[in-house]
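Right, one structure below, let's go through it.
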Amino acid sequence: MISVVSPAPDDPSLGPFGWDHLVRDRWMAAVAGADVTRVDGGPLVAGRVVRTSRRFTHVATADGLVQALAPHELEPPPVAGDWVALWDGGVERGARVEAVASRTTELARRDPAGGSEGQVLAANVDLVLAVFGLDRPVRPGRVERSLVLAHDSGAVPVVVLTKVDAVDDADAQAAAVRALAGEVDVILVSSVTGAGTDELAGRLAPHRTAVLVGESGAGKSTLVNRLAGRAVQRTAEVRTADAKGRHTTVTRDLIVLDGGGVVIDTPGLRALGLLDSAGGVAATFDDIETLARQCRFRDCAHGDEPGCAVTAAVAARAVDPERVLRYHAVIAELAEADQAVAEAARRPRGRPSPPPTS
Ligand SMILES: Nc1nc2c(ncn2[C@@H]2O[C@H](COP(=O)(O)OP(=O)(O)OP(=O)(O)O)[C@@H](O)[C@H]2O)c(=O)[nH]1
Ligand SMILES: [Mg+2]
Ligand SMILES: [Zn+2]
């Protein structure tokens, strides 16, 4: 039997990070299933991952921040937002992550470094804030992809349009984004004037975790600072020529807000590669998929098939043809991702994948 340090659900240190009855139950289950032969009796300490760096997993515990090593074989590799069990050997022997509690949600994208595996950006989040700066054109495809990933995470997606103070067509831009977002809320904010930030803060308090994702320069860290009421994150001006960001944030950082709630700030994302989609596409393109069910043929590709409801809706100007094209592109990308997973599964273990033929 190993000893554990699992604070009460209302622990004043861990409570603000989101520790409660449900988390504690999942944590206890993870500890019960952990291989504890290495920890010589424990104790195992509960904490939440606030950052991962090349070497260390930084974990908030009831006794403060601990820098721990995560063994390579640990599954899943801990990410910001995870609840973990630490073995803490003190200053001399260091600390080690011994178990990761099962996740309620997981925001992931296709690993930009290649491979068929996903890259998990954040775990145990309740809200995914897809952040777009209005100081540059909001690309519809980018909004849709963000929504697919956000829906698939299991968390609630929210679109956040920042820098309303800096443009004079905010309402028109918001209307265009709302047309893409369906049921998903679109919130306009200014981190300069504070407009809209109370509405956002209201969704975070109490005990909710949100992850902010978006391009570099979109204003994620500035918004985090505004929500936190102090400068916790570094920010930097965008390039004047094209309003592109400078990739200022380089790690995923979990921050507790004084007003209640937790946010995870992330580095600007260039690519939003899709993985296998569990309903995210259907939720994002609900308008098109609803039409598609009325096509004459069940396997209609919405090209020039007779009785195609999607083509008919485009002809009647009820649906934007560009949106249909983007939908097709998303479906094609998912099929390709599926194939990559299937091929990876067929390859014998331990053998590197063959070089690409084209
Ligand atoms: N006018 C105005 N400027 C803003 C607002 N929010 C952010 N900015 C500016 O936009 C620039 C980029 O903001 P950051 O918060 O660093 O952007 P980021 O999304 O965190 O960027 P990365 O960390 O590189 O991913 C900074 O110069 C901010 O001052 C806003 O609401 N209004
Ligand atoms: Mg940033
Ligand atoms: Zn059709």
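Source: prediction; values computed, not measured. Start at 1 and go down the list; that is how both ligands and their atoms are numbered.
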Considering distance alone, does some N or O of [X] sit under 3.5 Å from an N or O of ligand 1?
X      : value
Ala236 : yes
Thr235 : no
Ser191 : yes
Ala218 : yes
Thr266 : no

Does a side-chain heavy-atom distance below 4.5 Å link [X] with [Y]?
X      : Y      : answer
Glu333 : Val281 : no
Asp152 : Leu275 : no
Arg270 : Pro112 : no
Val177 : Val159 : yes

Assess the side chains of Glu289 and Tyr327: does a donor N or O sit below 3.5 Å from an acceptor N or O?
yes

Say whether Thr209 and Arg48, considering side chains only, have a donor N or O and an acceptor N or O under 3.5 Å apart.
yes

Give a yes/no answer: is there an N/O/S atom of Ser221 under 2.8 Å from the Mg ion (ligand 2)?
yes

Is the distance between the Mg ion (ligand 2) and the nearest N/O/S atom of Thr235 smaller than 2.8 Å?
no

Check [Y] with [X], please: is the shortest side-chain N to carboxylate O separation under 4.0 Å?
X      : Y      : value
Glu199 : Arg203 : yes
Glu215 : Arg136 : yes
Asp258 : Arg230 : yes

Listed by chain and number, what are the side chain to side chain contact (heavy atoms under 4.5 Å, CB included) partners of Asp135, not counting sequence neighbours?
Lys163, Val238, Ala243

What part of Gln233, side chain, backbone, both or neither, has a heavy atom within less than 4.0 angstrom of ligand 1?
neither

Determine whether the side chain, the backbone, both or neither of Asp165 has a heavy atom under 4.0 Å from any heavy atom of ligand 1.
side chain

Closer than 4.0 angstrom: is that true for some heavy atom of [X] and an atom of ligand 1?
X      : value
Arg226 : no
Gly214 : no
Ser216 : yes

Where the closest heavy atom to atom 23 (O) of ligand 1 is concerned, which of Thr197, Val192, Thr249, Thr193 has it?
Thr249

I'd like the name of whichever of Arg234, Lys220, Lys244, Arg246 reaches closest to atom 25 (O) of ligand 1 through any heavy atom.
Lys220

Main-chain N/O of Ala271 paired with Arg109 side-chain donor or acceptor, under 3.5 Å:
yes

Kindly check if the number of other-residue, nucleotide or ligand heavy atoms within 6.0 Å of CZ (Arg234) is above 12?
no

Which atoms of ligand 1 are found less than 4.0 Å from any heavy atom of His247?
24 (O)

Would you mind listing which atoms of ligand 1 come within a distance below 4.0 Å of any non-hydrogen atom of Gly268?
25 (O)

Nearest heavy-atom pair of Leu69 and Arg55: which atoms, and what distance?
CD2-O, 3.5 Å

Gln233: which of Thr248, Asp253, Asn225 passes side-chain hydrogen bond (donor to acceptor under 3.5 Å, both in side chains)
Asp253

Protein N, O or S atoms less than 2.8 Å from the Zn ion (ligand 3), ignoring waters?
Cys295 SG, Cys300 SG, His302 ND1, Cys308 SG

